[in-house]
Novice: 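Mind having a look at this structure? Questions to follow.
Throughout, protein chains are lettered first and strands after them, A, B, ... in sequence-line order, and every chain is numbered starting at 1.
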Amino acid sequence: MTDTRFDPSKADGRWQRAWDEAGTFTADSASPKPKSFILEMFPYPSGRIHMGHVRNYTMGDVLARYKKMRGHEVLHPMGWDAFGMPAENAAMEKKVHPGAWTRSNIEAMKAQLRRIGFALDWTREFATCDPEYYGHEQSLFIDMYEAGLVYRRQSEVNWDPVDMTVLANEQVIDGKGWRSGAEVEKRKLDQWFLKITDFAGELLDGLAELKDWPDKVRLMQENWIGKSSGLEFSFELSNGDKLPVYSTRPDTIFGASFCAVAADHPLAQQVGASNPAAASFIEECKRGGTTAAELETAEKLGFDTGITAKHPFTGAPLPVLIANFVLMDYGTGAVMGVPGHDQRDFEFATKYELPIVRVVASDPAQAGEPFKGEAEPGDGVIVNSDFLDGMSVEEAKAQVIKRAEDDQWGEGTTVWRLRDWGVSRQRYWGTPIPFIHCDTCGVVPVPKDQLPVTLPDDVDFETPGNPLERHPTWSKTSCPKCGGDARRETDTLDTFTNSSWYFLRFASQPVDAPFDPEEVAKWMPVEHYIGGIEHAILHLLYARFWTRALKHIGKLDVAEPFAALFTQGMVTHETYSLGDGSWLSPDEVRKDGADWTRIEDGAPVSAGRVVKMSKSKKNVVDPDNIIADYGADAVRWFMLSDSPPERDLPWSEAGIEGCGRFVQRLWRLFESLDPTAAGEDKALARKAHQAIVAVAEDIEALSFNKAVARIYELTGTAEKAAPSESRNFAIRTILHLVSPMMPHLAEEVWSRQNESGLIADAVWPEHDPAMLVEDEVTIAVQHKGKLRDTLTAPKGASKEDLEALALASEKVQRSLDGAEIRKVIVVPDRLVNIVT
RNA sequence: GCGGGUGUGGCGGAAUGGUAGACGCCGGGGACUUAAAAUCCCCUGAUCCUAUAGAUCGUGUGGGUUCGAGUCCCACCACCCGCACCA
C-alpha cells in the first residue's frame with residue numbers, strides 16, 4: 001500500500017523516540033572505531049532557540065550523522081553556556097531568580113532542540129551554572145594561580161556614578177549608562193588577570209598548524225596578538241626624569257617633534273598633582289567609555305606639560321604632552337610623535353601646531369615634498385635624517401636600534417598588542433572567584449576540598465551593584481591559613497572562562513576532577529568546530545589559551561583544541577516597518593500585490609533591508625511554528641540549501657514551502673520504487689555513482705548547498721527515468737545521501753521498505769570507480785575568445801582530432817569568414833580556441 | 001579610527017584561468033480538475049532583430065595581464081562583522 005503524503009507530525013516524534021530508546025547517538029569512548037568529536041558552539045539559554053542555532057546545529061548534525069555512516073564513533077554533545085548578564089537583567093525586570101530563569105529556559109530550549117531531531121548525546125549534557133561544572137573551573141583557576149598564571153592589578157572599568165555600578169561596554173550607550181543615562185566615567189579597580197601574554201608567541205606560532213581554520217580567522221588572530229618589533233628607549237626630560245617610550249618606527253626618529261603620554265601615565269599624574277589645569281585635563285580624559293572604537297574615534301586632545309624631552313640624536317627639546325589617544329596598556333604608555341608618518345600623530349600635530357617633518361620619501365629628490373593633508377606611513381627612502389639618509393626603512397630601523405644598543409640608551413624589543421585577560425566581573429551570575437582576602441595573610445586560595453564555592457540563593461536585585469558584595473553573610477568567612485576573620489572574593493569570572501574548557505568536560509566527566517586526561521585524549525582535538533564568525537577572536541583565542549595553559553601545567557596533552565573551524569553565516573529576514581518607524585513582525589504583515597500592509601488594519605507597510613534576525617527589529621521566525629507547519633526535515637533542508645554555509649541565509653516563506661514540497665517529492669519517489677523492475681539504465685546508474693562521491697566530498701568540505709543541488713539533480717533524473725534496476729539503485733542511493741539531512745523521512749522510508757534496524761546506523765553507499773568516467777565530452781569552440789559552437793567528442797580525443805572537428809564546424813567557418821588562422825589553442829576535453 | 005570580510009539574473013546562488021548563470025525560489029504559459037489545492041510539462045539575464053536562426057552587451061566601478069578573466073594584478077566604491085566587561 002502506498003501513502004501519498006509523508007506526515008512529519010507523526011513520523012518526527014516516532015523516530016526521535018526510537019533514536020533515544022536505542023541510544024543511537026550515545027558516544028562510547030571504549031569503541032575501537034576511529035573517533036570524531038563534532039562540536040557546535042553551545043548556546044546561551046536566552047529562552048528560545050532561534051534560526052541561527054538551528055542553522056548551526058543542523059550543519060554539525062549532518063557532519064555527525066555522516067561520520068557515523070562512515071564508520072566513526074561520534075561524540076556530538078550539547079550543553080548550556082548558562083552564566084551571563086541577561087539572567088541578571090531578567091531578575092531585575094521580572095523579579096525571578098537568575099538560576100530559576102536560566103533553568104526554565106534550558107528546559108524549553110532542550111525540548112525545541114529535540115523536536116529538530118538532532119543526533120546529540122544528551123547523556124553528557126551540562127550547564128556551566130551547575131556547581132559540578134563551575135567547581136571544577138574554580139579548581140583549574142587555582143591551579144593556574146599556583147602556576148603563576150593568575151595575578152591582580154588595577155584596571156579601568158566603566159563606572160555609572162548614579163547607579164553606583166560597573167557597566168559592561170554593551171551597557172554604555174553614547175558614553176552614558178543604559179539605565180541611569182548618566183555620563184559614564186572610567187574608574188580603576190583591583191581586578192584578577194590571566195597571563196595570556198605569556199602564551200602570545202605560542203598562540204601566534206600555533207596558528208600555522210591550524211590548516212583547517214579559515215585563513216581570515218587566523219589572520220584576525222594574528223593581528224590581534226599583534227607581534228611587533230621596535231625600539232624601547234628613554235628620553236631625558238628637562239625635569240631630570242627619564243621617559244621610556246616604545247616605537248615600531250625607530251627609522252623615523254629624526255621626524256619626532258613631540259612626546260605624548262597617556263592620561264594615567266605616572267608622569268601625567270605627577271604633573272596633575274601640582275598643576276590644576278593638567279589635573280582637570282586628566283579628569284576630562286576619564287569621561288566616556290573604555291572601548292577601543294570610542295578611544296580611537298574620539299577627538300584627539302592634548303595638554304602641554306611644559307616639560308621637554310631631549311632628542312637622543314639631535315639633542316633638540318621636544319614638548320611632552322598628555323594625550324587622550326595614548327594607551328597606558330600598550331608599550332610603555334608613552335610615545336614619540338612622528339606626525340609625518342603616523343596618521344594619529346599627524347592629526348594631533350596639525351591641531352596643536354607642532355612641526356611636521358618628512359623623513360621618508362619616495363626618492364631622495366622628494367625630500368622637500370610637502371604633505372597632502374595626511375601622514376605617509378608607507379615604505380620609501382629615509383631623508384632629512386643625518387646618518388640614515390638614503391637607507392630603506394628596514395635598514396634604518398636596524399641602524400637606529402644598533403646605535404641605541406651600542407650607546408646603551410635603548411634596545412630592540414618585541415612588543416605584543418595582546419593584553420592580559422581581565423577576568424573579574426562585579427556581578428552575581430558567574431563563577432565565584434575561589435579566593436579569600438585576609439588582613440594578615442593577604443590573598444589566599446580556597447582549599448580544594450572546600451570547592452565548589454557556590455553562589456548564595458538569597459540575593460537582592462532591587463538595589464544596583466554587585467549582589468554578592470551586598471549579601472549580608474556570604475562573603476564572611478575565615479582565613480584557611482590563619483583561621484582569622486576574612487572576606488570572600490566577591491568578583492565572579494568572565495563568562496568566556498566557562499566556554500574556554502567546556503569541550504574537555506564534554507569529552508570526559510569524572511566526579512572528582514575537571515576531566516580525565518586519558519579520556520580527553522581519546523576525543524580531542526575537536527574534529528569540526530562550528531559557530532559564528534563573531535567568535536573569531538575572543539572566544540577562540542581564550543579557548544586556545546586555556547588548552548595551552550592546561551597543557552603547560554601538566555593537566556592534559558593537547559595543544560590546540562579545535563583541529564578544524566567553520567564559521568557559519570547568519571540567518572537573515574526582510575524587515576517591515578510602519579511610517580512612524582516602528583517595526584512589525586512577519587506574521588503581522590501581508591503582501592497585497594506588490595505592496596505590504598498590516599493584516600490588522602490594512603495600514604501601509606514598507607519592506608526594508610534583509611538583516612540578521614533580531615528581537616529589536618522583530619524580523620524573527622520561530623523554529624517551533626515552522627516545524628509544526630512543515631516538519632523538522634523541511635527546516636533542516638532549508639538550513640542547508642542555497643546559501644553557502646559561511647554566508648548569510650535569507651529566510652523566506654517561499655523557500656520553506658519549496659523545501660516542504662521537496663520532502664513530499666522525495667517521498668513519492670521513494671514510494672515509486674519497484675523491487676521487480678529489471679534492466680539497466682547506464683546513464684542514470686552513472687549519475688548515482690557520481691553523486692555518491694560528489695555529495696560525500698561536498699559534506700566533508702561543509703559545502704552543504706552544493707550537496708543539496710546534486711541531490712536535486714539526481715532526484716530530477718530519477719523521477720523521469722523508466723523503472724529499471726538502475727533506477728532502484730538511484731532511489732536507494734538518494735535515500736542514503738539525504739539521510740543525514742532528512743533523518744525522519746529517511747527512517748520512515750527505511751522501515752516501510754522493511755529494512756532492518758535504523759538508517760541512522762546504516763553505512764554510506766559504495767561507489768564503483770569505473771562508473772564515474774564519461775565516454776563523451778562537450779567541447780567548446782571559440783573564435784577570438786568568444787563561443788561560436790559546441791561539439792561532442794569522445795573523451796580523450798587528440799588535439800589534432802579536436803582541431804579538425806572544430807574547423808569542420810559550419811558555425812566556426814562562418815565566424816572565421818576566411819580570415820588567416822594564426823594560432824589554435826586546444827585544451828583536451830575542454831575547448832578549442834582559434835586565433836586569427 | 002584599526003583589523004577582517006562580501007559584491008554574479010527579479011531573489012539565494014553555481015562555475016581546477018577555459019561554454020557565465022548548474023540547482024533552488026519567484027514569475028509566465030499549458031495539462032489534469034465542475035472548481036480549487038496538489039501534481040506534471042514547457043519558458044524564463046538584458047538589448048537588438050529580417051525572430052526555431054543570428055548579433056551585441058553582461059559577474060560593484062575604473063584600469064591591467066592573457067589566445068581566453070567572475071576567477072590573477074592595481075586603484076576605487078558600497079555594505080557587513082569584530083575591537084578585549086554582549087554572548
Novice: With a 4.0 Å cutoff (strictly under), does any side-chain N or O of Asn223(A) reach OP1 or OP2 of C2(B)?
Specialist: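 No, because none of the side-chain N or O atoms of Asn223(A) sits under 4.0 Å from OP1 or OP2 of C2(B).
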Novice: When the C1' atoms of G9(B) and G60(B) are considered, how many whole Å apart are they?
Specialist: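 Those two atoms are separated by 15 Å.
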Novice: I'd like the P distance from G21(B) over to U16(B), given in whole Å.
Specialist: 14 Å
Novice: Taking the same atom, C1', in C79(B) and in A84(B), what whole-Å distance lies between them?
Specialist: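 It comes out at 25 Å once rounded to the nearest Å.
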Novice: Looking at Thr291(A), I'd like to know whether one of its side-chain N or O atoms comes within less than 4.0 Å of OP1 or OP2 on C83(B).
Specialist: no
Novice: For A37(B) versus A31(B), give the span between their C1' atoms, rounded off to a whole number of Å.
Specialist: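 Roughly 16 Å separates the two C1' atoms.
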Novice: From the options A84(B), A15(B), C67(B), select the nucleotide whose nearest atom is closest to the side chain of Lys706(A).
Specialist: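 Closest nucleotide to the Lys706(A) side chain: A15(B).
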Novice: If we take the C1' atom in both G1(B) and C72(B), what is their distance in whole Å?
Specialist: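 To the nearest whole Å, 32 Å.
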Novice: Would you find more than 12 non-hydrogen atoms of other residues, nucleotides or ligands less than 6.0 Å from Lys227(A) atom NZ?
Specialist: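 Counting neighbours around NZ of Lys227(A), 12 or fewer heavy atoms of other residues, nucleotides or ligands fall under 6.0 Å, so no.
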Novice: Can you tell me how far P in C11(B) sits from the matching atom in G68(B), rounded to whole Å?
Specialist: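 Pairwise P distance, C11(B) against G68(B), rounds to 31 Å.
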Novice: Going by purine N1 to pyrimidine N3 plus the second Watson-Crick contact, or the G-U wobble pair, all under 3.5 Å, which nucleotide sits opposite G3(B)?
Specialist: C81(B)
Novice: Looking at Phe193(A), is Arg152(A) sitting on its ring face, NZ or CZ under 6.0 Å from the six-membered ring centre and within 45 degrees of the normal?
Specialist: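 Output no; distance or angle outside limits.
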Novice: Can you establish whether the number of heavy atoms outside Met164(A) located under 6.0 Å from its atom CE is more than 12?
Specialist: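 No, the 6.0 Å shell around CE holds no more than 12 heavy atoms from other groups.
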Novice: Among U6(B), G18(B), G12(B), which nucleotide has an atom closest to any side-chain atom of Gln782(A)?
Specialist: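 Given the options U6(B), G18(B), G12(B), the side chain of Gln782(A) is closest to G18(B).
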Novice: Identify whether the glycosidic angle of G9(B) places it syn (within 90° of 0) or anti.
Specialist: syn
Novice: Counting only Watson-Crick or G-U wobble pairs whose two distances fall under 3.5 Å, which nucleotide matches A75(B)?
Specialist: U61(B)
Novice: Find which nucleotide of RNA chain B each of Val708(A) and Ile537(A) is nearest to by heavy atoms, and output the residue with the more 5' nucleotide.
Specialist: Val708(A)
Novice: Has Arg661(A) got a side-chain N or O lying under 4.0 Å from the OP1 or OP2 atom of C40(B)?
Specialist: no
Novice: Looking at C26(B), does its base get a donor-acceptor pair with the side chain of Glu653(A) below 3.5 Å?
Specialist: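 When only heavy-atom distances are counted, Glu653(A) does not reach the base of C26(B) through any donor-acceptor pair under 3.5 Å.
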Novice: Checking contacts here: which listed nucleotide (A87(B), A84(B), G5(B)) is nearest the side-chain heavy atoms of Arg417(A)?
Specialist: A84(B)
Novice: To the side chain of Glu296(A), which of C2(B), C86(B), C83(B) is closest?
Specialist: C2(B)
Novice: Determine, step by step, whether Phe42(A) and Trp80(A) satisfy the ring pair (Phe, Tyr, Trp, His ring centres under 6.0 Å) criterion, reporting the C-alpha distance in whole Å, the side-chain angles of both residues, the deciding distance to 0.1 Å, and the verdict.
Specialist: CA-CA 6 Å; Phe42(A) 66 163; Trp80(A) 309 94; 8.7 Å; no
Novice: G5(B), C40(B), C57(B): which one has an atom nearest the side-chain heavy atoms of Lys216(A)?
Specialist: G5(B)
Novice: Arg668(A) side chain: which of C83(B), C86(B), C40(B) is closest?
Specialist: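 It is C40(B).
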Novice: Using atom P in both nucleotides, what's the gap between G17(B) and A69(B) to the nearest angstrom?
Specialist: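 Rounded to whole Å, the distance is 15 Å.
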Novice: Determine which nucleotide pairs with A37(B), using a 3.5 Å limit on both distances of a Watson-Crick or G-U wobble pair.
Specialist: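 None - no nucleotide pairs with A37(B), as no candidate has both distances under 3.5 Å.
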Novice: Please tell me which of Arg647(A) and Asn169(A) maps to the more 5' nucleotide of RNA chain B, matching each residue to the nucleotide holding its nearest heavy atom.
Specialist: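 The residue mapped nearer the 5' terminus is Arg647(A).
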Novice: Determine the Euclidean distance between corresponding C1' atoms of U71(B) and A15(B); express it in Å to zero decimal places.
Specialist: 9 Å
Novice: Taking donor-acceptor contacts at under 3.5 Å, does the side chain of Asp642(A) reach the base of G12(B)?
Specialist: yes
Novice: Which of these nucleotides, C23(B), G1(B), G13(B), is closest to any side-chain atom of Thr297(A)?
Specialist: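 Out of C23(B), G1(B), G13(B), the nucleotide with an atom closest to Thr297(A)'s side chain is G1(B).
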Novice: If you measure from the Lys or Arg side-chain nitrogens to the Asp or Glu carboxylate oxygens, is any gap between Arg179(A) and Asp163(A) under 4.0 Å?
Specialist: no
Novice: Does Glu719(A) come within less than 4.0 Å of Arg665(A), counting only side-chain N to carboxylate O?
Specialist: yes
Novice: Does Glu347(A) come within less than 4.0 Å of Lys300(A), counting only side-chain N to carboxylate O?
Specialist: yes
Novice: Looking at Asn833(A) and C67(B), is any side-chain donor or acceptor paired with a base atom of the opposite kind under 3.5 Å?
Specialist: yes
Novice: Is the distance from OP1 or OP2 of A84(B) to the nearest side-chain N or O of Arg419(A) less than 4.0 Å?
Specialist: no
Novice: Tell me which nucleotide, if any, is Watson-Crick or G-U wobble paired with A22(B) when both distances must be under 3.5 Å.
Specialist: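 Matched A22(B) with nothing under the 3.5 Å cut-off.
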Novice: Using purine N1 to pyrimidine N3 plus N6-O4 or O6-N4 for Watson-Crick, or N1-O2 and O6-N3 for G-U wobble, both under 3.5 Å, which nucleotide pairs with G54(B)?
Specialist: C48(B)
Novice: Test Phe638(A) against every option in Tyr630(A), Phe662(A), Trp651(A) by the ring pair (Phe, Tyr, Trp, His ring centres under 6.0 Å) rule and name the one that passes.
Specialist: Trp651(A)
Novice: Under 3.5 Å, is there an N or O donor on one side and an acceptor on the other linking the side chain of Arg427(A) and the base of C85(B)?
Specialist: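 Present.
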Novice: With a cut-off of less than 4.0 Å, is there a side-chain N or O of Lys612(A) near OP1 or OP2 of C81(B)?
Specialist: no
Novice: Name the closest nucleotide to the Glu713(A) side chain, picking from A84(B), A22(B), C41(B).
Specialist: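 Nearest listed nucleotide: A22(B).
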Novice: Nearest to the side chain of Leu787(A), which nucleotide is it out of C81(B), U19(B), G5(B)?
Specialist: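 The nucleotide sitting nearest to the side chain is U19(B).
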Novice: Please determine, for the side chain of Arg665(A), which listed nucleotide (C23(B), U19(B), C40(B)) has the closest atom?
Specialist: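 Nearest to the side chain of Arg665(A) among the choices is C40(B).
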Novice: Hey, does the side-chain of Glu534(A) have a donor or acceptor N/O within less than 3.5 Å of a partner on the base of C86(B)?
Specialist: no
